[in-house]
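Note sheet for the following structure.
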Amino acid sequence: MGLFDQLKSILAKSPTPQAPANHADAVGTSLGQPPERRIRDRQNARPGTSALIVDDSPTIVAALRKMLNSAGYVTLEALTAEEGIEIARDLTPDIIFLDIVLPGMNGFAALRTLRRDPLTKDIPVIMISGNEQATEQFFGTRIGADDFMKKPFSRLEVFARIERLLDADMVPRRLVTASQPEVANTGSV
């Protein structure tokens, strides 16, 4: 019996998959998640919400831009921390996605600078990193990050992180807790 005949024999013996009861079941189970996760409507920020993406990877910038623009966000982009800080001061975006590893100033130093500036201290910041170290997430949270995403990330994760920061008016806001003290202005970075 040839390889093709063996494969044909195996496939003939396997049970025919049953179609899901509805589209939500199909989407949920195809992702390996409970179907009810997809049934709940996602809460989006108000149309026109501005998001600053600070990452030195054009691929990450393009991916985030595409995700956010499809949901009605206005995106601003910077390839360096210094450029990101300048844009944040000039245009005060509603939310910032900030990579940790950047050329020149790193994301942690940029976050400290943003938190010490009266113009940018209240903008929610989601830190991004390809590093698997939990210490980065802990350190970022200690100096004022509002959330943390590891690369690669999915569309579902991006919007879940944003949704967590939305206030009653559907505007992203900082979540200041006891684990996120305000950064004192010590003059050092």
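Since we're looking at a predicted model, the values are computed, not measured.
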If you take all heavy atoms of [X] and [Y], which pair is closest and at what distance?
{"X": "Leu114", "Y": "Ala88", "value": "CD2-CB, 3.8 Å"}
{"X": "Asp99", "Y": "Asp56", "value": "OD2-OD1, 3.4 Å"}
{"X": "Leu119", "Y": "Thr92", "value": "O-CG2, 3.6 Å"}
{"X": "Pro172", "Y": "Leu166", "value": "N-CD2, 3.7 Å"}
{"X": "Ala81", "Y": "Met105", "value": "CB-O, 3.4 Å"}
{"X": "Phe148", "Y": "Ile126", "value": "N-CG2, 4.3 Å"}

Could you grab the distance from atom [atom1] of [X] to atom [atom2] of [Y], nearest 0.5 Å is fine?
{"X": "Ile96", "Y": "Met127", "atom1": "CD1", "atom2": "CE", "answer": "10.5 Å"}
{"X": "Ile123", "Y": "Arg173", "atom1": "CD1", "atom2": "CZ", "answer": "11.0 Å"}
{"X": "Ile162", "Y": "Leu68", "atom1": "CD1", "atom2": "CG", "answer": "5.0 Å"}

Open item on the list: Checking side chain to side chain contact (heavy atoms under 4.5 Å, CB included) between Val125 and each of Leu165, Ile95, Val54, Leu111, which is the one that passes?
Closed with: Leu111

Note, [X] side chain near [Y] side chain (heavy atom, < 4.5 Å):
{"X": "Leu76", "Y": "Ile53", "value": "no"}
{"X": "Phe97", "Y": "Thr75", "value": "no"}
{"X": "Phe153", "Y": "Leu64", "value": "yes"}

Got a donor-acceptor contact below 3.5 angstrom from the [X] side chain to the [Y] backbone?
{"X": "Glu77", "Y": "Val61", "result": "no"}
{"X": "Asn106", "Y": "Ala109", "result": "yes"}
{"X": "Asp167", "Y": "Val171", "result": "yes"}

- [ ] Would you please test Arg115 and Thr120 for side chain to side chain donor-acceptor pair (under 3.5 Å) and show each step?
- [x] CA-CA 6 Å; Arg115 291 296 175 240; Thr120 59; over 6 Å; no

Open item on the list: Can you tell whether the side chains of Arg174 and Asp146 come within less than 4.0 Å, N to carboxylate O?
Closed with: yes

Task: Neighbour count >12 (heavy atoms, 6.0 Å) for atom CD, Glu86 - done: no

Task: More than 12 heavy atoms from other groups under 6.0 Å of NZ on Lys66 - done: no

Open item on the list: Show, in sequence, the C-alpha distance, side-chain angles and deciding distance for Arg46 and Asp94, and conclude whether the side-chain contact (heavy atoms from CB on, under 4.5 Å) test is met.
Closed with: CA-CA 11 Å; Arg46 63 177 163 63; Asp94 295 305; 3.4 Å; yes

Open item on the list: Evaluate Phe108 against Ile143 for side-chain contact (heavy atoms from CB on, under 4.5 Å), listing each step before the verdict.
Closed with: CA-CA 8 Å; Phe108 292 130; Ile143 61 174; 3.8 Å; yes

Task: Verify same cluster id: Met67, Val74 (apolar side-chain graph, 4.5 Å) - done: no

TODO: For the pair Ser129 and Met149, evaluate side-chain contact (heavy atoms from CB on, under 4.5 Å) and give the outcome as yes or no after the intermediate values.
DONE: CA-CA 7 Å; Ser129 178; Met149 289 190 322; over 6 Å; no

Task: Working for side-chain contact (heavy atoms from CB on, under 4.5 Å), residues Arg89 and Asp117 - done: CA-CA 8 Å; Arg89 285 178 178 151; Asp117 187 323; 2.5 Å; yes

